[in-house]
Peer 1: 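Sending over a structure as structure tokens; questions will come in a sec.
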Amino acid sequence: DMFIDQCFIRKLRAKRELVESLLIEDHCEPKPGWRDCTDPTAVAFHPFKKIEEHQACWRSAGGKDRPVALAAVAPAAVSRAASPSPTTSIEVAPPAADHGGDEGSVFCDTKKGVDYQTPSILYGMEGVASAEACARRCHDDHRCGVWTWKRTNVCFLKRLATGSKPSERAYSDVISGMACRLLGDNEEESRRAVDDSGEVTTTTPSPSPVEPAPGGPTSLYCWSLMIPGSFEEDLLSWQYEYGAGIFGCDEAAVYSNRSILLSRNLKTGVVNIDLTCRRAGVFDTAMNADIFRVVWDRVISDGRYEHFAWTVKVDADTIFFPGRLKVVVAGYQERDSGMYLNNCDLGLQGPIEVLSRRAVRKWYKGADHCYLHFYAACGGPCAWGEDKFLDKCMQHLGIKRVDDWSVLSETACDEQPAPCGTPKVAFHPFKSIQSYFTCYEYADTYGSGPGAKPALPEELEGETWQEMMKSLEERERREKRLESVLVAGG
């Protein structure tokens, strides 16, 4: 489903409409009681894996009992179900010479225990359960000439120059094959060419790149990813109302895996992925690289970043001053390789990531190559968060890495951001509105001078940051108790 979704919006440029009544299912956080199937606007409900549950939902939704009409099944479909094709499992596939590329087959020149190698890899995919599924992926992508399936359910698709043959390497855990297409099987074949490096070119002219916005070399496109129902929802709503954080950029967007109205004029863009992830490593790092690759897909497909000189990803709990960042990026000039700002001497930290326009293009184009490269280097998926993957990938792709310690004050970078008195661009983390507001106000008022920490305001003189936060939290609790008493008293 994700592949089809991304194919439509990224490659085919189809318009996507959100029609929530099409499906009510457990992955989309439905309302309580949805399994009663009584919503008259819903087209479909999912999942119901037991016959009695399926029938109960069917009846509740207004369906009528009827016997299963086996005669309605097409004879060809019945015969295929009754007698399995010899190509349903690569384990029992005949030798390569017997595969002539008959219509409907996806197996050609298939070899077990052999890795077909070519100069150019398209991309790799996890979760591909069989060699047949991998072969079909290759068959359906006109750029693919060779495929290799690994028993860990990883499928690699590779380019192959016209008239060339892949080299072979013995590898016991893989099965490889060639794309199986008849002449004229794909209209695109007649319009594509493969250069010496294995890159695919096409005679169809590419659209001209979008010119940067009149804002010039410091214009900012900023975005955040939000977990529904979390503290991030309140923080981003507050930032929007006050024009703070990403909403001080030239343009901003918020993404989530649900369509949520954060304010009257602010609705989240939807990414179709589960936003929960495991944590690992000595620093209890969130293994969220795959999540953010999907979000970057949406950012790229939306195309708005093309109108601005810099794209900035900001975590919701990061206090961020776009005006300060504009001063910083004014000192840099875009280069052919693209560039990004490394914000910590320990490596790029995810609370704020600043990429030039060309860096975004190059990173996105090479992300799949990075995945394959580091998958091999780590002997499987690397135990990295999205920030480390992004940092490593952009260096691997030759994107210029510029160290700039004025961008972020962050606990994970061995700094104490509170009380936010330095002139840095961003401070992290602040997960409640009260702590966020306090730090924001202090930084906005006292953080514009030199790097030395300014004196506390007169009314807070003598209090440490921890004492100040404790008193603010206590005041907030008193206000809530007073509010509850007033409500109870009418």
Side-chain angles (χ1 to χ4, degrees), residues 6 9-10 207 209-226 236 239 245-256 266 268-269 271 288-289 291-316 318 320-344 348-367 370 385-395 397-404 406-408 425-426 428:
Q6 294 300 310
I9 62 177
R10 285 176 49 198
V210 179
E211 290 300 318
T218 64
S219 56
L220 306 177
Y221 177 74
C222 305
W223 62 271
S224 293
L225 175 65
M226 185 194 79
L236 286 167
Q239 292 169 38
I246 64 172
F247 304 106
C249 297
D250 297 287
E251 187 169 314
V254 178
Y255 297 99
S256 185
L266 178 62
T268 59
V271 289
N288 55 1
I291 292 173
F292 274 91
R293 284 186 68 192
V294 174
V295 184
W296 273 107
D297 281 350
R298 175 63 194 268
V299 172
I300 301 296
S301 67
D302 285 349
R304 296 301 304 165
Y305 80 97
E306 283 281 8
H307 296 265
F308 305 92
W310 298 86
T311 296
V312 189
K313 170 256 177 183
V314 184
D315 286 351
T318 299
F320 166 48
F321 294 93
R324 297 184 188 182
L325 181 58
K326 283 178 176 281
V327 174
V328 171
V329 298
Y332 300 115
Q333 187 173 0
E334 177 71 291
R335 52 182 67 210
D336 290 340
S337 65
M339 64 191 302
Y340 71 103
L341 305 187
N342 174 38
N343 54 32
C344 177
L348 179 67
Q349 300 297 306
I352 179 170
E353 297 164 356
V354 185
L355 287 69
S356 74
R357 196 156 150 268
R358 288 176 184 170
V360 175
R361 293 173 182 166
K362 194 168 183 178
W363 130 252
Y364 184 70
K365 184 178 180 181
C370 285
E386 61 87 19
D387 47 5
K388 188 170 183 177
F389 176 79
L390 182 68
D391 193 17
K392 294 281 189 182
C393 180
M394 288 196 289
Q395 291 181 73
L397 296 173
I399 300 171
K400 177 67 175 176
R401 186 190 203 230
V402 179
D403 293 337
D404 194 317
S406 68
V407 173
L408 176 65
V425 170
H428 179 267

Peer 1: Which value, rounded to the nearest 0.5 Å, describes the distance between S406 atom OG and L341 atom CG?
Peer 2: 8.0 Å
Peer 1: Enter the distance from K365:NZ to I300:CD1 here, rounded to the nearest 0.5 Å.
Peer 2: 13.0 Å
Peer 1: Which pair of heavy atoms, one from T218 and one from K326, lies closest together, and at what distance?
Peer 2: O-NZ, 3.1 Å
Peer 1: Do L408 and P351 make a side-chain contact, defined as non-hydrogen atoms from C-beta onward lying under 4.5 Å apart?
Peer 2: yes
Peer 1: Mind checking whether N343 and D403 have side chains closer than 4.5 Å, heavy atoms only?
Peer 2: no
Peer 1: Do V314 and W223 have side chains that get closer than 4.5 Å, going by heavy atoms?
Peer 2: no
Peer 1: So that I can tick it off, tell me whether E386 and R293 are bridged by a salt bridge, with the cut-off set at under 4.0 angstrom between side-chain N and carboxylate O.
Peer 2: no
Peer 1: Counting C-beta onward and ignoring hydrogens, is there a side-chain heavy-atom pair between F320 and V425 closer than 4.5 Å?
Peer 2: yes
Peer 1: For residues R361 and E306, determine if any side-chain heavy atom of one lies less than 4.5 Å from a side-chain heavy atom of the other.
Peer 2: yes
Peer 1: Verify side-chain contact (heavy atoms from CB on, under 4.5 Å) between M339 and L355, making sure each step is shown before the conclusion.
Peer 2: CA-CA 6 Å; M339 64 191 302; L355 287 69; over 6 Å; no
Peer 1: Is there a side-chain contact between K400 and Y340 (heavy atoms, below 4.5 Å)?
Peer 2: no
Peer 1: S356 and G338: which non-hydrogen atoms are nearest, and at how many Å?
Peer 2: OG-CA, 3.6 Å
Peer 1: State, to 0.1 Å, how close Q349 and E353 come at their nearest heavy-atom pair, and which atoms those are.
Peer 2: O-CG, 4.1 Å
Peer 1: What pair of heavy atoms forms the shortest contact from L397 to W363, and how long is it?
Peer 2: CD1-CA, 3.8 Å
Peer 1: Hey, are the side chains of V312 and I352 touching, using non-hydrogen atoms and a 4.5 Å cut-off?
Peer 2: yes
Peer 1: Would you say that V329 contacts P217 through its side chain, given a criterion of any heavy-atom pair below 4.5 Å between the two side chains?
Peer 2: no
Peer 1: Quick one: do the Y255 and D302 side chains pair a donor with an acceptor below 3.5 Å?
Peer 2: yes
Peer 1: Passes side-chain contact (heavy atoms from CB on, under 4.5 Å), N342 versus D404? Steps please.
Peer 2: CA-CA 6 Å; N342 174 38; D404 194 317; over 6 Å; no
Peer 1: Would you name the heavy atoms of C393 and A367 that are closest together and state the gap between them?
Peer 2: SG-CA, 4.3 Å
Peer 1: Out of curiosity, F308 CZ to L220 CG, how far, rounded to the nearest 0.5 Å?
Peer 2: 9.0 Å
Peer 1: Less than 4.0 Å between a side-chain N and a carboxylate O, is that true for K313 and D387?
Peer 2: no
Peer 1: Counting only N and O atoms by type, is there a donor-acceptor contact under 3.5 Å from the side chain of S337 to the main-chain atoms of I399?
Peer 2: no
Peer 1: Kindly compute the distance separating OG (S219) from NE2 (H307), expressed to the nearest 0.5 Å.
Peer 2: 11.0 Å
Peer 1: Using the rule given for side-chain contact (heavy atoms from CB on, under 4.5 Å), can you reason through I291 versus L225, listing the C-alpha separation, both sets of side-chain angles and the distance that settles it, and then say yes or no?
Peer 2: CA-CA 10 Å; I291 292 173; L225 175 65; 4.0 Å; yes
Peer 1: side-chain contact (heavy atoms from CB on, under 4.5 Å), that's the test. Do W310 and C222 meet it? Break it down for me.
Peer 2: CA-CA 8 Å; W310 298 86; C222 305; over 6 Å; no
Peer 1: How long is the straight-line distance from CG of L325 back to CZ of F321, given to the nearest 0.5 Å?
Peer 2: 12.5 Å
Peer 1: Verify, without hydrogens or angle tests, whether Q239 (side chain) and A316 (backbone) share a donor-acceptor contact under 3.5 angstrom.
Peer 2: yes
Peer 1: Where do D315 and S224 come nearest, in terms of heavy atoms and distance?
Peer 2: C-OG, 4.4 Å
Peer 1: As a quick check of understanding, evaluate salt bridge (Lys or Arg N to Asp or Glu O under 4.0 Å) for R357 and E334, giving each step before the final call.
Peer 2: CA-CA 8 Å; R357 196 156 150 268; E334 177 71 291; over 6 Å; no
